[in-house]
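Nothing here was measured: the structure is a model prediction, and the numbers come from that model.
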Amino acid sequence: MKGFLERIETTDFRKPFKRLIIIALVVVIACGALTAFMFRTQLAELYALDRMEEQTVLQGEIQMPMTEHGNRWHGDDLEIDVFDAGLVTRPSTGAIITAIISIVLCSLCVLAYWLMVAAWLYKASAKAGMNRALWSILGLAFNVLAVLAFLVVRGSLVHCQNCGACQKGGNFCVNCGAALGLVCPKCGRTTNASDKFCSDCGTSLTNKGTKEVQS
C-alpha cells in the first residue's frame with residue numbers, strides 16, 4: 001500500500017487524463033452509435049407512434065392526449081404495453097447485450113475518471129503539505145467540487161517556490177527551510193519570493209542587491 005501511494009505522488013497525471021478523455025470520447029461515440037443501430041427498429045416504431053398520437057390529438061378523436069410512460073401508453077381508460085400489443089418490436093438479445101455492454105463501458109470510464117481525480121488530489125495535497133487523506137476522501141465523495149475547493153484553499157496559502165509546499169504564513173518554508181519572501185533593497189518591504197518588482201516602490205527584485213528574508 002505504501003508503495004502504491006508513493007507511486008501516486010510521483011505520477012504525472014496530465015498524460016493519463018488526456019488518454020482517458022480520448023478513450024471516453026471513443027467509447028461514448030462508438031457505444032452510442034452501435035446501440036442506436038441495434039435499436040433502430042424500435043426507435044423508428046416509437047417515433048411513428050408518437051407522430052400518430054400527435055395526428056390523433058390534432059384531429060380531436062380523443063378527449064385526453066395519450067402520454068408516453070416507460071413502455072406503456074395511457075389514454076382515458078386504456079393502458080397498452082407497446083411490446084405486448086405488437087406496436088413496437090421487442091429488442092433482440094444482441095441489442096440488449098449491446099446496451100448492457102455500452103452501459104458497463106461508459107460506467108468504467110466514469111469510474112476511472114472519478115478515481116483519477118481522487119488520486120490527483122492525493123498527490124497535490126501531499127505536495128502542498130496539506131491533509132492527503134482528507135482531500136482524497138473529499139475527491140471520492142464530491143469530485144469536481146472537491147477540486148474547486150482544494151484550489152481555493154491552496155490559493156489562500158503561502159506557496160514555497162523551492163519545494164511547492166504551502167503554509168498559512170511565516171518567513172520560511174516549514175518543509176524545506178527556504179525563504180518565502182524577499183526584502184526590497186530600496187524601501188525594505190518584504191515581498192513574495194515570486195515577485196519581480198516591489199509593489200510599494202517598483203524596484204526590481206531580481207538584481208543582486210535583493211536579500212532573502214533573514215531569521
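Few gaps surround CZ on Arg90; more than 12 heavy atoms of other groups in view lie less than 6.0 Å from it.
Linking Ile, Leu, Val, Met, Phe, Trp and Tyr whenever their side-chain heavy atoms come within less than 4.5 Å leaves Ile137 and Trp114 in two separate clusters. By the criterion of side-chain heavy atoms lying less than 4.5 angstrom apart, applied directly or through intervening Ile, Leu, Val, Met, Phe, Trp or Tyr residues, Ile103 is not grouped with Leu25; the two fall into different hydrophobic clusters. Hydrophobic clustering of Ile, Leu, Val, Met, Phe, Trp and Tyr side chains at less than 4.5 Å, counting indirect connections, keeps Ile21 apart from Trp120. Linking ILVMFWY side-chain heavy atoms closer than 4.5 Å, directly or via other members, places Phe150 and Leu145 in a single hydrophobic cluster. Note on Val144 and Leu134: same hydrophobic cluster, where clusters join Ile, Leu, Val, Met, Phe, Trp and Tyr whose side-chain heavy atoms are under 4.5 Å apart, directly or indirectly.
Distance check: Glu9 CD to Thr11 OG1 gives 9.5 Å after rounding to the nearest 0.5 Å. Separation of atoms CG (Asn143) and CG (Leu115) is listed at 9.5 Å; rounding is to 0.5 Å. For the atom pair NZ (Lys18) and CD1 (Ile22), the distance works out to 9.0 Å, reported to the nearest 0.5 Å. Atom CG of Leu46 is separated from atom CZ of Arg51 by 14.5 Å, given to the nearest 0.5 angstrom. The structure places CG of Leu108 at 11.5 Å from CD1 of Ile23, a figure rounded to the nearest 0.5 Å. In this structure, CG on Asn131 lies 10.0 Å from OH on Tyr122, to the nearest 0.5 angstrom.
A heavy-atom distance below 4.5 Å is not found between the side chains of Leu121 and Leu138. Contact annotation: the side chain of Phe39 never approaches that of Thr98 to less than 4.5 Å [non-hydrogen atoms, C-beta and beyond]. Within the 4.5 Å cutoff, the side chain of Val117 has no heavy atoms near those of the Phe13 side chain.
Nearest heavy-atom pair across Val153 and Met130 is CG1-CE, 3.6 Å. Closest heavy-atom contact between Ser125 and Arg132: OG-CA, 3.3 Å. Pairing each heavy atom of Leu140 with each of Ala118, the nearest pair is CD2-CB, 3.6 Å. Contact detail for Arg154 and Ala128: the closest heavy-atom pair is CD-CB, 4.2 Å. Across Ala36 and Leu43, no two heavy atoms sit closer than the pair O-CD1, 4.0 Å. For the residue pair Thr89 and Glu45, the shortest heavy atom distance occurs at N-OE1, 2.5 Å.
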Next on the checklist: Assess the residue pair Ser102 and Thr35 against the criterion (side-chain hydrogen bond (donor to acceptor under 3.5 Å, both in side chains)); give the C-alpha distance rounded to whole Å, side-chain angles, the decisive distance to 0.1 Å, and a yes or no.
Outcome noted: CA-CA 8 Å; Ser102 298; Thr35 301; 3.1 Å; yes
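A donor-acceptor pair is defined here as one N or O able to donate and one able to accept, closer than 3.5 Å; such a pair exists between the side chain of Arg40 and the backbone of Phe37.
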